[in-house]
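Below you'll find the structure, written out as structure tokens, and then a few comments.
All figures in this text were calculated on a predicted structure; none of them were measured in a lab.
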Amino acid sequence: AGVADTYVSLSYNHLMPARKAAESAQVAICAAVKLDRSSIKVRNALINWQMHCSWDLTAAEKECRDLLDAGTADVRTMQLYSSLMNLRGRHQDAIDMALRAYRLDPDSDLTNGQLSLAYFYAGDYGSALSFVRRTIDLQPQYLMGYALLGRTEAELGNWDDAISAFHRGLEVSNGCSFIKALLAYAYAGSGDAAKARAVLRELEQDSHDECFPAYDVSAVHAILDQENEALQKIHKACGTRDMKTIFLLHDPRFARLRNSAGFQQIASALYSEGTTSLPV
């Protein structure tokens, strides 16, 4: 189960090609299920794989619901279920579930991080900011904390603070490519299109790499009003199974594209793909 979760994390941070990571995670999950299908760690890892790799949200939600109904769900289950509710557009439910986990373990970076994420996708950026800062205080090396901090500051229009957060993320990650894309987004939002394009050119040198952060790069093109380029990169992200694309419909960075026919076509295809299931 731990190996499966690690492959998912490697994919999410663009340290391993998404398809290869998903396949390796599936092998690990199948082995774990054969060893102990009732283990909460195994079932949580299965939910994680179903959500982020097979994109089978229906199966993931059933697994979460079964654990909650049986009274065996733990904080990790609730964290995963909160994320799943965000993907379903049930943002208040996502907050409620994240709060439930937070009350069980208020000093955990996991529960604080999930709560900040739930508030972020609900559009409550003030609350998101409070909890993501607490998350970073609890875990100063938490890369996704800096990513969310910068994105939250960006949604609040605090572009200098967003840029600062992303620079810190680059330091923590030793130059992670998707953080570079987020930095380019912040430069564009701040009005410095030249810097944004310079970072994009740097990133494009690795555009043929299977770990290329196409989803986050597409957001930079979107804020620069380059719709065709943005849609091309979203299509590329879907093609490589970039797991961040599952948030496409709820990501505020793409609000300006949602009425375009090209965006709707991609989103429709994406949300009809979650049909992969495990032989368990």
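In the hydrophobic clustering, where aliphatic and aromatic side chains (Ile, Leu, Val, Met, Phe, Trp, Tyr) are joined below 4.5 Å either directly or transitively, L138 stands alone. The other residues sharing a hydrophobic cluster with L10 are V3, Y7, L15, M16, where clustering joins ILVMFWY side chains under 4.5 Å apart.
In terms of modelled atom types and a separation under 3.5 Å, the side chain of S116 and the main chain of A128 share no donor-acceptor contact. At distances below 3.5 Å, not a single donor-acceptor pair connects side-chain atoms of K236 with backbone N or O atoms of F212. Judged by distance alone, with hydrogens and angles left aside, the side-chain atoms of S130 form no donor-acceptor pair with the main-chain N or O of S127 at under 3.5 Å. Proximity of a side-chain donor or acceptor of R241 to a complementary backbone N or O of C53 within less than 3.5 Å is detected. The main-chain N or O of Q264 is never found under 3.5 Å from a side-chain atom of S268 such that the two would form a donor-acceptor pair. Within the 3.5 Å criterion, the main-chain N or O of A73 finds no donor-acceptor partner in the side chain of R43. Checking side-chain atoms of R258 against main-chain N and O of F263 turns up no donor-acceptor pair under 3.5 Å. Although no hydrogens or angles enter the test, the distance criterion places a donor-acceptor pair under 3.5 Å between the side chain of D192 and the main chain of K195. The backbone N or O of M78 lies less than 3.5 Å from no partner atom in the side chain of S82, so there is not a single donor-acceptor pair.
You'll find the side chain of L182 reaches within 4.5 Å of the side chain of R253, heavy atoms only. Residues T152 and F131 have side chains not in contact (no heavy-atom distance under 4.5 Å, counting atoms from C-beta outward). T77 has its side chain out of reach of T72: every pair of non-hydrogen atoms, C-beta onward, lies at least 4.5 Å apart. No side-chain heavy atom of Q139 sits under 4.5 Å from any side-chain heavy atom of T135. Considering only heavy atoms from C-beta on, R76 comes within 4.5 Å of N48 through its side chain.
By the neighbour-count criterion of 12 heavy atoms within 6.0 Å, atom CD of Q265 is sparsely surrounded, having that number or fewer from other residues, nucleotides or ligands. Residue K20 places its NZ atom among 12 or fewer non-hydrogen atoms of other residues, nucleotides or ligands, all under 6.0 Å distant. Under a cut-off of 6.0 angstrom, the local environment of CG in D69 is crowded, with over 12 non-hydrogen atoms contributed by other residues, nucleotides or ligands.
Minimum interatomic distance between V172 and P140 (heavy atoms only, all atoms of both residues): CG2-O, 4.2 Å. A pairwise comparison of heavy atoms in A25 and W49 identifies CB-CD1, 3.5 Å as the closest pair. In plain terms, the two heavy atoms of P106 and N112 that are nearest each other are O-ND2, 2.9 Å. Closest of all the heavy-atom pairs between M243 and V8 is CE-O, 3.6 Å. Of all heavy-atom pairs spanning L80 and M51, the tightest one is O-SD, 3.6 Å.
Interatomic distance, OG of S218 versus CD1 of I223, reported as 12.0 Å (0.5 Å rounding). For the atom pair H52 NE2 and T245 OG1, the distance stands at 10.5 Å (nearest 0.5 Å). Note: Q205 CD to S177 OG = 13.0 Å, rounded to the nearest 0.5 Å. From L143, atom CG reaches atom SG of C176 across 5.5 Å, with rounding to the nearest 0.5 Å. Between atom CD1 of residue I234 and atom CG of residue L257 there is a gap of 5.5 Å, rounded to the nearest 0.5 Å. The CG atom of D242 lies 11.5 Å from the CZ atom of R19; values are rounded to the nearest 0.5 Å.
Every residue meeting the side chain to side chain contact (heavy atoms under 4.5 Å, CB included) condition with A32, not counting sequence neighbours, appears here in chain and number order: V42. Residues forming a side chain to side chain contact (heavy atoms under 4.5 Å, CB included) with A181 (at least two apart in sequence, or on another chain): L203, D216, V217. The side chain to side chain contact (heavy atoms under 4.5 Å, CB included) check on R88 picks up L57, T58, E61, L84, R90, with sequence neighbours excluded. The side chain to side chain donor-acceptor pair (under 3.5 Å) test applied to Q141 returns no partner, not counting sequence neighbours. In this structure Y121 satisfies the ring pair (Phe, Tyr, Trp, His ring centres under 6.0 Å) test together with F247, sequence neighbours excluded.
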Next item on the list: In sequence, state the C-alpha distance, the side-chain angles, and the governing distance for R37 and L46, and then conclude on side chain to side chain contact (heavy atoms under 4.5 Å, CB included).
Entry: CA-CA 10 Å; R37 180 66 170 81; L46 173 59; 3.8 Å; yes
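When hydrophobic clusters are built by joining Ile, Leu, Val, Met, Phe, Trp and Tyr residues whose side-chain heavy atoms come closer than 4.5 Å, directly or via intermediates, M85 is not grouped with L99. Under the 4.5 Å side-chain contact rule for hydrophobic residues, I179 and V220 share a cluster. No chain of hydrophobic side-chain contacts below 4.5 Å, direct or via other Ile, Leu, Val, Met, Phe, Trp or Tyr residues, connects M97 to Y119. L104 and I40 fall within a single hydrophobic cluster, where Ile, Leu, Val, Met, Phe, Trp and Tyr side chains are chained together by heavy-atom contacts under 4.5 Å. Note on L117 and I95: separate hydrophobic clusters, where clusters join Ile, Leu, Val, Met, Phe, Trp and Tyr whose side-chain heavy atoms are under 4.5 Å apart, directly or indirectly.
Side-chain N/O atoms of E210 and T240 include no donor and acceptor closer than 3.5 Å. Side-chain polar atoms of S39 and D36 form no donor-acceptor pair below 3.5 angstrom. A donor atom on one side chain and an acceptor atom on the other are not found under 3.5 Å apart for N86 and S83.
Within the structure, every pair that satisfies the side-chain hydrogen bond (donor to acceptor under 3.5 Å, both in side chains) test and touches residues 224-235, not counting sequence neighbours, is listed here: E204-K233, H221-Q226, D225-R256. Applying the salt bridge (Lys or Arg N to Asp or Glu O under 4.0 Å) rule to pairs touching residues 164-176 yields R168-E171, sequence neighbours excluded. Among residue pairs with one or both ends in residues 100-110, those qualifying as side-chain hydrogen bond (donor to acceptor under 3.5 Å, both in side chains) are D107-R134; sequence neighbours excluded. Within the structure, the side-chain hydrogen bond (donor to acceptor under 3.5 Å, both in side chains) test picks out the following pairs touching residues 154-163 (sequence neighbours left out): E153-N158.
Salt bridge status for R151 with D251: present, with a side-chain N to carboxylate O gap under 4.0 Å.
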Side-chain donor-acceptor pairs of residues 183-190 under 3.5 Å, sequence neighbours excluded:
{"residue": "Y187", "atom": "OH", "partner": "H167", "partner atom": "NE2", "Å": "3.2"}
{"residue": "S190", "atom": "OG", "partner": "A186", "partner atom": "O", "Å": "3.4"}
{"residue": "S190", "atom": "OG", "partner": "Y187", "partner atom": "O", "Å": "2.7"}

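Between F254 and Y215, the ring planes lie tilted relative to each other; the angle falls in the 30° to 60° range.
The aromatic ring centroids of F120 and Y125 lie less than 6.0 Å from each other.
The side chain to side chain contact (heavy atoms under 4.5 Å, CB included) test with L148 singles out one residue from L129, I136, V132, and that residue is V132.
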